[in-house]
Amino acid sequence: MAHVALKNVTKRFGSVTVIPPLDLEIEEGEFIVLVGPSGCGKTTTLRMLAGLETATSGEISIAGQEVTHARPGERDCAMVFQNYALYPHMTVRDNIGYAMRVHGTDKATIDTRVNDAATLLGLVPLLDRKPKNLSGGQRQRVAIGRALVRQPQVFLFDEPLSNLDAKLRVEMRTEIKLLQRRLGTTTVYVTHDQVEAMTMADRVVVMNAGRIEQAADPITLYEHPANRFVANFIGSPAMNFLTARIENGAARFGDQSLALTEEDARRLGDRGEVIFGIRPEHMREAEQAAALTFMPDAVEPLGPHTLVIGRVGDTKLTAQVDPRFGVTPGTMCTVQVDMTQAHFFDPESEARL
Amino acid sequence: MAQTAGRGDSIKHAFIGPAFLVVLVVTLFPLIYALVISFQAIRLVPPLPPRFVGFGNYAEILSSARFWGSMWTTSVIVFISVAFQYVIGFALALALHHNVAGASLYRVTFLLPMFLAPVCVALIARMVFHPYLGPVNDAMGMLGAGNIPFLTEPNLAIAVLITIEIWQWTPFVALLMLAGLQSLPGEVFEAAKVDNIPAWRRFRDITFPMLLPLSVAVVFIRLIEGFKVIDTVFVLTGGGPGTATETLTLFAYNEGFKKFNLGMTSALSFTFLIVVIVFGTLYLAAAQRVTRRYA
Ligand SMILES: Nc1ncnc2c1ncn2[C@@H]1O[C@H](COP(=O)(O)OP(=O)(O)OP(=O)(O)O)[C@@H](O)[C@H]1O
Ligand SMILES: [Mg+2]
């Protein structure tokens, strides 16, 4: 029995369908990350779980209870908002303890829990400050603390780190992940940052236009993307896509031909057009390598490696190469492609082949 | 560098000069002129030469029962009506903010009383509360209560004045409070909903404290404005019976335009100014103590 389940849930705002039927089951203690481009319905899905939006149709259940039409407060979720949504006139201590106080928890318990949360999140010296006297990261920790002390069935996070600077984001992401491990509370986390999604999630749900494109653990998502959208979305820099023809166990485009691995050749057989996908970081020397020649336009040294941006025919292509790899923009260059890491997609359905 | 700064300085004065003069002439001069007059005995009818009397006018005011009576009347009208305006106005704003059924109808009409000139409102009220012709007494008659002398019995007359003030100015409070409500961050309330905070606690612990600074300002505006009430009183009761419903401004008006006692009127105006300043300061000091708890 799933701990949180969305069955056939749809959401319409007026005549606009934001979520076509969506099914998702979340296990107890699982850390789920909803990721996808802006406007794909992540927040809407999360808000439906919280009860802040009502599903147009379908069924939502949390901890075995049908809650489709329950008020937000009846669902035992705790939510952390993108803009923290702290009570501006209350001190950190009051912010964290407020819900418990309203619900009549006795004072000793409140104090213990607030202090525990504050210790855990490093908020002890800040307990008597007002939110406006805190930094963004500290406010975020208060918001997390407020969710924490409720000991809810489910944590809901809506892009909680997007207002923080890059360094703090990396720290907080680890903190949240560790915290969730320790508490074992089922968590749904929304982000549009794929690195956050990959690093934090037990299972990543990639959404696009309200549909789930793929729900899988990060490595599966990276190694076996279910379709072109996922392949493109996950990984940075993004995967290269070339339109190719499969002939005689090789992928051909223009006058180039890249030999497939035996297994790929067997699976794909001879067929007309496919989309050939290869990640920039898989353009490297390998046992089953094939040479690919392209026209470099720009070189971007990053330190550990260098990105070469160029064209094959009219298609843009990015290759990640060794910093000492000799390449001059404007002069043809050849890289090795690790064919064991090649992906193939149907040009019509864009599904993985 | 220093030279440029020096030249910039003198230019600065040149620019400010005209505005400063305008302010001086337009606002300060009349005030000072009035202040000077308030220390003199001047009568227009019959004309008497101005005579310096020092604080004589003020002493006369402070020892006059009529002044203290008008002071009491004004305070009663202002404090009771502003309290009702605030409570009802806030409640209306909440209803409109949460789109309670019928809110859209009210949204269109609720500002109308505010747009009416107080004199018109008073004239309407005079008809409505007329002892023989008014619908209120018709209704009272049907209920078996006799004709009630709304405008001639002092306490009833004050009650009617309070009612008019409330009717006319509650929309103003509602409008400002609604603006305040709509500017509050929605996420904070969503967070409270998710945390299962009941509606009335959300109001008491979140909405109200967050709107406290605005409330202080709105009540302040209404208090100051309320103290100036004259037109409705003038039309409705003329301050009568006797001087039972005379407000501070009406008192000053009567001194100035019925007795043409200008020195006295000036002194009254300044007394009025001092009264408003004292009340205003006391109020703001009290409000600040409350607000500081939340700020
Ligand atoms: N109240 C609303 N009325 C109408 N349309 C809405 C409403 N709320 C959201 N939408 C639409 O629903 C779609 C999904 O919005 P949602 O906020 O869920 O996106 P998101 O995935 O969270 O995007 P982002 O990453 O930018 O936060 C958007 O196209 C948005 O315009
Ligand atoms: Mg969003």
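Both backbone and side-chain heavy atoms feed into the values below; hydrogens, waters and symmetry mates do not. Each chain gets a letter, A, B and so on, in the order its sequence line appears, and its residues count up from 1.
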K.L.:
Can you tell me which portion of A:Arg47 sits under 4.5 Å from chain B's heavy atoms? Options are side chain, backbone, both or neither.
P.N.:
side chain

K.L.:
Counting C-beta onward and ignoring hydrogens, is there a side-chain heavy-atom pair between A:His89 and B:Phe208 closer than 4.5 Å?
P.N.:
no

K.L.:
Highest number of heavy-atom pairs under 4.5 Å with chain B: which of A:Met79, A:His103, A:Met90, A:Arg146?
P.N.:
A:His103

K.L.:
Can you tell me how far apart OH (A:Tyr98) and CZ (B:Arg201) are? Round to the nearest 0.5 Å.
P.N.:
5.0 Å

K.L.:
Considering only heavy atoms, give the residues of residues 181-199 of chain B separated from chain A by less than 4.5 Å, sorted numerically, with 'none' for an empty result.
P.N.:
B:Glu187, B:Val188, B:Glu190, B:Ala191, B:Ala192, B:Lys193, B:Val194, B:Asp195, B:Asn196, B:Ile197, B:Pro198

K.L.:
Quick check on B:Phe20: does its CZ atom have over 12 non-hydrogen neighbours (other residues, nucleotides or ligands) under 6.0 Å away?
P.N.:
no

K.L.:
Around B:Phe203, counting heavy atoms of other residues, nucleotides and ligands shown, do more than 12 lie under 6.0 Å from its CZ?
P.N.:
yes

K.L.:
Identify which part of A:Leu86 has an atom lying under 4.5 Å from any heavy atom of chain B, answering side chain, backbone, both or neither.
P.N.:
backbone

